[in-house]
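The residues of the chain are indexed from 1 along the displayed sequence. Atoms within a ligand are numbered from 1 in the order they appear, just like the ligands themselves.
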Amino acid sequence: MTGEVESLPSGIILKGIGGFYYVKTSNAVYECRARGIFRKDDHSPLPGDRVGITVLDEDKKTGTIDEILPRESHLVRPAVANVNQLAVVLAVKSPSPDFMLVDKLLITARLKELDVVICVNKMDLDENGECKNIRAAYEQAGYPCIQLSSKFDIGFDILKHKLQGKITVFAGQSGVGKSTILNKIMNSWIMKTGDISGKIERGRHTTRHAELVELESGGYVVDTPGFSSLELTGIKSSELDTFYPEFNDRRLHCKFIGCSHISEPGCSVKEALEAGLIDRGRYLRYIEFYNALKQRREY
Ligand SMILES: Nc1nc2c(ncn2[C@@H]2O[C@H](COP(=O)(O)OP(=O)(O)OP(=O)(O)O)[C@@H](O)[C@H]2O)c(=O)[nH]1
Ligand SMILES: [Mg+2]
Ligand SMILES: [Zn+2]
């Protein structure tokens, strides 16, 4: 014995259910209660939080959360801390892609400074070559796209590589195959963290509580239920263009400062559009978002 005070074991919260938090440390998952202090100052623990715990019972694997380390990011829906990547999932068909939702998710990712990977799923159904158009539109904007088929087991090696060492939230329209992708991942490359590592259930009404699932590569993934709408909050219409990477090199060359890139003359963004350097669908949706934000409608 050296007499030194043992530092708190630190870990990451995988999930919180009914006042219990499941904290993964380097050796086990502990069922912890949070000290009351957190509830008071509106800083309650979230999945993804890195925390210091005190072990109460090593056999039963119980403890208390004593400290929450500063967050790198904080998503509200789903409520997860320290996310650094968003996987935007869409299907080539069934359901047909909701590009408004895709673009809103991409704007949100930029707002929260998250890396993005676009997963074009259900490639087994791509008889019409829809994926080619999707990739053209989004790769032109600088977003990496991965083609996936859970059915034919396509693309998972590339996805695995992208998820390494990151906390990635999977988001997208209902039915695009998010849970199927994560189930596939779980069957092959998750860490076994014992009984408490809950399974992501199949089916429609899954994932009411956000949960981090640890991968062998050291990363974590989080499933979310599909949503039909998403609000764009915290953005002004005048700054919407900064959320479009493919506008960014160009917008500073527009004739008018504060150009909205809709009807002004001498607009470099529109020139790039006409030259085929910006996807028309992306541009038209930009106008829709712009008008909605301008009217201060929630979008
Ligand atoms: N053809 C085909 N079908 C798939 C593929 N991946 C998933 N599906 C099917 O698509 C349907 C929806 O899949 P889910 O994984 O539940 O979709 P989800 O995105 O989690 O949906 P929500 O949880 O409602 O948001 C299921 O019937 C899956 O079997 C795929 O690669 N190809
Ligand atoms: Mg699902
Ligand atoms: Zn312009």
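Under the rule for a ring pair (Phe, Tyr, Trp, His ring centres under 6.0 Å), the partners of Y244 that lie at least two apart in sequence or sit in another chain are F247, Y286.
Within ligand 1, counting atoms from 1 as listed, the ones closer than 4.0 Å to a heavy atom of P225 are 25 (O). Residue-ligand proximity, V176 to ligand 1, at heavy-atom distances under 4.0 Å covers atoms 17 (O), 19 (O). Ligand 1 places these atoms under 4.0 Å from at least one heavy atom of K151: 1 (N), 30 (C), 31 (O), 32 (N). Heavy-atom contacts of L125 reach the following atoms of ligand 1: 1 (N) (cutoff under 4.0 Å). Contact atoms of ligand 1 toward D124: 1 (N), 2 (C), 30 (C), 31 (O), 32 (N) (distance under 4.0 Å to a heavy atom of the residue). For ligand 1, the atoms sitting less than 4.0 Å from at least one non-hydrogen atom of G226 are 22 (P), 25 (O), numbered in the order shown with element in parentheses. Listed by number with element, the atoms of ligand 1 under 4.0 angstrom from any heavy atom of S149 are 31 (O). Each of the following atoms of ligand 1 lies closer than 4.0 Å to a heavy atom of N121: 6 (N), 31 (O).
Among S150, G175, P95, the residue whose heavy atom lies nearest to atom 12 (C) of ligand 1 is G175. Of the listed options G177, G172, S174, A171, G177 places a heavy atom closest to atom 17 (O) of ligand 1.
Side-chain contact between E239 and I235: present, with at least one pair of heavy atoms (C-beta onward) separated by less than 4.5 Å. You'll find the side chain of I53 reaches within 4.5 Å of the side chain of T25, heavy atoms only.
Considering backbone and side-chain N/O of T180, one or more are found under 3.5 Å from N/O of ligand 1.
The closest side-chain donor-acceptor pair between E58 and Y30 falls under 3.5 angstrom.
Under the 4.0 Å criterion applied to side-chain N and carboxylate O atoms, D103 and R285 are assigned as salt-bridge partners.
Cation-pi geometry between R33 and F20 is met: the NZ or CZ atom falls under 6.0 Å from the ring centre, inside 45° of the normal.
Taking backbone and side-chain atoms together, T224 has no N/O/S atom less than 2.8 Å away from the Mg ion (ligand 2).
Around the Zn ion (ligand 3), protein N, O or S atoms at less than 2.8 Å number 4.
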